[in-house]
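Have a look at the structure below before the remarks.
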There are 2 protein chains.
Amino acid sequence: MGATKSDHFTQKQNDIAAIAKALAHPARIAILEYLLKVDACICGDIVNELPLAQPTVSQHLKELKNAGIISGNIEGNAICYCIDEKVWEKNRKIFETLFERINKKKTCC
Amino acid sequence: MGATKSDHFTQKQNDIAAIAKALAHPARIAILEYLLKVDACICGDIVNELPLAQPTVSQHLKELKNAGIISGNIEGNAICYCIDEKVWEKNRKIFETLFERINKKKTCC
DNA sequence: AATGTTTATCGTAATATTGCAATATTAAAA
DNA sequence: TTTTAATATTGCAATATTACGATAAACATT
């Protein structure tokens, strides 16, 4: 085993889990916070911002890219990373919807 | 390796990643959606709601409990599971803050 | 007391993730 | 063209996660 049984869940459930998975590592949160902080694309220097080796950072960037959260545009020698605003907004709504679905009418606990 | 280097990141970054990790599986999303849907505590029948074996469900419930998202109160024979509203609200704000930090002033891409 | 019900834990197999050294790739700079 | 710089990929070791059968624990019911 070890493989998630995605087939047995709804598309939506798998989607939410996939976004959460992309955010489920402090290095990836750090990358996103850096991109949010500088409020622009980053051409280089992401590796220097993180306490991890270059291949490891590259791998985390790849996961964020695969999740659609960031995009990387070749900019001459370097690569320019940006948060994809549309995806970011879509994901914001997905989490907002999930978290706001609660209704304070519990009957126990 | 395989072990996340939590020490090298801020508490906040680790916290966000930990919440995301708890949400990073469709079964756990399904459990939470069920708890949200029935709008009450669930004493039993969570296992029947999911396409997974009982020990697997129990394990997922444990992870949600460890993350503080749900709590389980012993109710005679069964155990009554609830979403912890305070933690839920706290997590909602954490994600809201993360997602709303974006600023549409990009200079490239 | 014996049985049934519900949930947890143990043990284990399969798979995934994390991290990095080594190496490859790509393009700018010298 | 050689060198330098930036990023990606490969390969591998360590660890984590997912899943479930078997079993245990706790309590209710008979």
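Naming convention: chains lettered A, B, ... in sequence-line order (proteins, then strands); numbering from 1 in each chain.
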| remark: Walking DNA chain C from its 5' end, the first of A27(A) and P55(A) to be reached, judged by nearest nucleotide, is A27(A)

| request: Would you mind telling me which residue lines up with the more 5' stretch of DNA chain D, T56(A) or A24(B), judged by nearest nucleotide? | output: T56(A)

| note | Side-chain contact check for T4(B): nearest option of dA8(C), dT5(C), dT18(C) is dT18(C)

| query | Just checking I74(A): base, sugar-phosphate only, or nothing, at a heavy-atom cut-off of under 4.0 Å? | reply | nothing

| remark: Of the listed dT18(C), dC20(C), dC20(D), the closest approach to the K5(A) side chain comes from dC20(D)

| query | Nearest to the side chain of K65(B) - dA16(C), dA8(C), dG19(C)? | reply | dA8(C)

| message | Please report the distance, rounded to the nearest Å, between CD1 in I31(A) and P in dT18(C). | response | 11 Å

| Whole-Å distance between dT7(C) P and H60(B) NE2? | 16 Å

| field | Of the listed nucleotides dT18(D), dT15(D), dT7(C), the one nearest the side chain of A78(B) | value | dT7(C)

| query | How long is the line joining CG of N66(B) and C1' of dA8(C), in whole Å? | reply | 13 Å

| What about Q59(B), does its side chain sit under 3.5 Å from the base of dA19(D) through a donor-acceptor pair? | yes

| message | As a quick check of understanding, evaluate side chain to side chain contact (heavy atoms under 4.5 Å, CB included) for L32(B) and L64(B), giving each step before the final call. | response | CA-CA 9 Å; L32(B) 293 173; L64(B) 289 171; 4.0 Å; yes

| request: To the nearest Å, give me how far apart CD1 (I46(A)) and C1' (dA5(D)) are. | output: 16 Å

| In terms of side-chain heavy atoms of N77(B), which of dA8(C), dA28(D), dG19(C) is nearest? | dA28(D)

| Does OP1 or OP2 of dT17(C) have a side-chain N or O of K21(A) closer than 4.0 Å? | yes

| Among dA16(C), dA8(D), dC27(D), the one nearest L61(A) by side-chain distance | dA8(D)

| Side chain of A53(A): nearest nucleotide among dA21(C), dT15(D), dT18(C)? | dA21(C)

| Can you tell which of dT7(D), dC20(C), dA8(C) lies closest to the side chain of I79(A)? | dT7(D)

| Check ion pair R92(B)-E89(B) (N to O, under 4.0 angstrom) | yes

| Below 3.5 Å, does any donor atom in the side chain of Q54(B) face an acceptor in the base of dA8(C), or the other way round? | yes

| query | Separation of L64(A) atom CG from dT18(C) atom P, in whole Å? | reply | 11 Å

| If you check the S58(A) side chain, which of dT9(D), dA16(D), dG19(C) turns out closest? | dT9(D)

